[in-house]
**Student:** 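Here it is, the structure in full.
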Amino acid sequence: LHGRFGKQLDYDGGGYGQAVLSRQPPGEGTVHWLPGTPDRERRIAFAVTVPAGGREVLFVTTHLHHQNAGFREQQVAELTRLFADAD
């Protein structure tokens, strides 16, 4: 498998964030910061293009806030805004 990593923060001498594994080499990734407070663990959406079936597919991975419904709703709204025009 081929991987791409989107770093959210430095952690224990390395990085912490989101990753994508694909049978085909994915394109370069883009980290999108999602709404939240800077004093807490900020969430990201990590987007890559992956070749599939003769075309490029946009793949996005994230982990929405699990304890605060208000943040989660803001994050979903931001994801919708970011990727509304994606084919």
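Below, each value reflects all heavy atoms present in this structure, side chains not excepted, and no hydrogens, waters or symmetry copies.
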**Student:** Which pairs count as salt bridge (charged side-chain N to carboxylate O under 4.0 Å, His left out) when at least one residue sits in residues 65-79, sequence neighbours excluded?
**Tutor:** Glu78-Arg81
**Student:** Are Leu34 and Phe83 joined in one hydrophobic group, where the rule is that I, L, V, M, F, W and Y side chains link up if heavy atoms are under 4.5 Å apart?
**Tutor:** yes
**Student:** Measuring from Gln18:CD to Lys7:NZ, what's the distance to the nearest 0.5 Å?
**Tutor:** 14.5 Å
**Student:** Who passes salt bridge (Lys or Arg N to Asp or Glu O under 4.0 Å) against Asp12, sequence neighbours left out?
**Tutor:** none
**Student:** What about Leu82 and Val76, same hydrophobic cluster or not, with Ile/Leu/Val/Met/Phe/Trp/Tyr joined at side-chain heavy-atom distances under 4.5 Å?
**Tutor:** yes
**Student:** Name the atoms and distances for all side-chain donor-acceptor pairs under 3.5 Å in residues 43-50, with sequence neighbours left out.
**Tutor:**
residue	atom	partner	partner atom	Å
Arg43	NH1	Glu41	OE2	3.3
Arg43	NH2	His66	ND1	3.4
Thr49	OG1	Glu56	OE1	3.3

**Student:** Could you list all the ring-ring contact (aromatic ring centres under 6.0 Å, His included) pairs where at least one residue sits in residues 1-26, not counting sequence neighbours?
**Tutor:** none
**Student:** List the atom pairs, with distances to 0.1 Å, where a side-chain N or O of residues 20-32 and a protein N or O form a donor-acceptor pair under 3.5 Å, not counting sequence neighbours.
**Tutor:**
residue	atom	partner	partner atom	Å
Ser22	OG	Gln24	N	3.2
Ser22	OG	Gln24	O	2.7

**Student:** Mind checking side chain to side chain donor-acceptor pair (under 3.5 Å) for Gln75 and listing every partner two or more places apart, or none if nothing turns up?
**Tutor:** none
